[in-house]
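All ligand and atom numbering here is 1-based and tracks the order in the structure.
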Amino acid sequence: MMLGTDVSDLSTTAANAAAQGLSIVVPLYNEAAGLPFLHQRLGALAKTLRQRYGLGCEVVYVDDGSADKTLDIARGLGAEGLDVQVVSLSRNFGKEAALMAGLDYARLGAVLFMDGDGQHPPALVEQLVNHWIEGGFDVVYTAKAHRDNESRMRRIAVHGFYALINWGARQKIPADAGDFRLLSPRAAVALRQLPERNRFFKGLASWIGFRQIRVDYEPAARAHGVTSFSPGQLIGLSIEGLTSFSVAPLRLASLLGVVLATVAFLFGLSILWETWMSGKSVPGYPSLVVGLMTIGGVQLIMIGIVGEYIGKILSELKARPIYFVAEHSVKRGEQEAGTGASIGQRTAAE
Ligand code: UDP
Ligand code: MG
């Protein structure tokens with residue numbers, strides 16, 4: 001029995017890339033206001049890619065239980081120049097689940113993840129595709145060029161997060177990498193094979209390896225509306241990412257335990273020494289209470305950390321589906337004959 005997975009037959013060469021095609025996955029949560037414009041830009045992008053590389057494109061819109069008219073608008077979008085799939089989830093499952101659904105439904109070879117709020121510039125996609133086709137890279141990820149416009153506190157928090165998650169890791173997760181990322185066909189297949197339910201895409205996309213390259217970019221301002229992630233949710237997501245990806249917090253807990261125990265031991269020795277030398281017992285209710293509270297607090301925090309991991313194990317064990325699709329439609333692109341791959345060709349070949 002083979003315990004690994006061989007995806008070598010899916011390697012991309014400049015010659016076979018065009019035939020594999022590109023699926024663009026766009027998660028949508030209340031993005032009705034900007035969707036028509038985004039779709040128009042993606043149509044133009046598909047045209048450019050077809051002309052330049054002969055690359056066929058499809059877009060997979062994943063409606064993540066939007067409360068506005070996102071789904072209605074997505075259903076009505078025309079398929080000029082690219083195939084359009086609309087996958088509607090049964091409720092709001094969160095961005096990671098929406099990305100997973102998109103990855104599952106993507107039918108062409110390479111997969112590109114892109115936000116639906118216009119922050120990920122379609123113009124940059126050409127460069128990403130170029131790294132894949134001409135450069136032979138498998139994971140082309142983008143990262144914020146700088147964080148100048150963010151507060152000092154936030155920068156420190158981000159720095160601490162990556163330091164912790166990468167602590168002792170063989171494959172480091174690049175700091176600042178976003179979800180705007182292109183996966184070659186073999187990288188996409190590799191990512192689909194990972195069985196866990198608690199997904200942390202940034203981490204997993206880095207973990208699979210292959211040839212990776214970073215592209216710095218300046219995220220555009222949100223085209224409309226406001227971000228759907230509050231600071232509280234971001235902290236939640238960070239804990240989620242940390243615990244589903246790394247055991248660093250557990251190691252930190254053990255380390256802290258060792259440090260505290262050592263300090264306590266040395267303190268005990270010093271008390272003994274003092275009593276022995278001066279003959280008086282050390283008065284010490286305050287220090288006793290402080291010591292007790294420190295140990296108590298640290299223990300509670302550590303139990304909390306262990307609890308997070310037990311929660312993860314429980315949710316993996318329950319093995320519930322990551323999402324439910326309530327509705328799915330496919331519109332075949334109206335494009336000139338003989339250009340690139342389209343969904344029809346792929347499904348016929350399968
Ligand atoms: N999104 C989603 N489900 C959610 C929240 C967000 O599919 O529960 C989508 C959203 O429509 C957008 C992308 O994820 O396309 C990024 O969301 P947002 O712009 O709010 O996040 P930010 O850019 O601030 O990180
Ligand atoms: Mg955004």
Filtering Asp117, Leu38, Val62 for the heavy atom nearest atom 19 (O) of ligand 1 leaves Asp117
With the Mg ion (ligand 2) as the reference point, give the N/O/S atom of Asp117 that is nearest. OD2
Any cation-pi pair here, Arg91 with Phe93, using under 6.0 Å and within 45°? yes
Give the residue and atom name of whichever protein heavy atom lies nearest to atom 24 (O) of ligand 1, and the separation in Å to one decimal. Thr227 OG1, 2.6 Å
Any idea which protein heavy atom is nearest atom 5 (C) of ligand 1, and the distance to it? Ser228 OG, 3.4 Å
For atom 9 (C) of ligand 1, the closest protein heavy atom turns out to be Pro27 O, 3.9 Å
When only distance counts, is Ala98 in polar contact with ligand 1, meaning an N/O pair under 3.5 Å? no
Contact atoms of ligand 1, heavy-atom distance to Gly116 under 4.0 Å: 12 (C), 15 (O)
Ala248 versus Tyr309, closest heavy-atom pair with distance: N-OH, 4.4 Å
Check each heavy atom of Asp115 against ligand 1 and say whether those closer than 4.0 Å belong to the side chain, the backbone, both or neither. both
Enumerated ligand 1 atoms positioned under 4.0 Å from heavy atoms of Asn92: 3 (N), 4 (C), 8 (O)
Quick test of your reading of the model: are Glu126 and Arg52 salt-bridged, counting only N-O distances below 4.0 Å? yes
Any donor and acceptor pair, going by atom type alone, linking the side chain of Asp138 with main-chain N or O of Phe210 inside 3.5 Å? no
Looking only at protein heavy atoms, which one is nearest to atom 4 (C) of ligand 1, and what is the separation? Asp64 OD2, 3.4 Å
Nearest heavy-atom contact between Phe113 and Leu99 is CD2-CD2, 3.5 Å
Return the closest protein heavy atom for atom 1 (N) of ligand 1 as residue, atom name and distance. Tyr29 CB, 3.6 Å
Parallel, tilted or perpendicular: rings of His120 and Phe180 (30°, 60°): parallel
Looking only at atom types and distance, does a side-chain atom of Ser23 sit under 3.5 Å from a main-chain N or O of Leu108, one as donor and one as acceptor? yes
Ligand 1 contact on Glu31 by region, counting heavy-atom pairs under 4.0 Å: side chain
Is the backbone N or O of Lys202 less than 3.5 Å from a side-chain atom of Ser206, with the two atoms forming a donor-acceptor pair by type? no
Nearest-contact summary for atom 14 (O) of ligand 1 - protein heavy atom, Å: Lys95 CD, 3.2 Å
Could you find the nearest protein heavy atom to atom 25 (O) of ligand 1 and give me its residue, atom name and distance? Phe229 CD1, 4.0 Å
Tell me, which protein residue and heavy-atom name are nearest atom 23 (O) of ligand 1, and how many Å apart are they? Gln119 OE1, 2.8 Å
Quick one: does NZ or CZ of Arg211 land under 6.0 Å from the six-membered ring centre of Phe137, within 45 degrees of the ring axis? yes
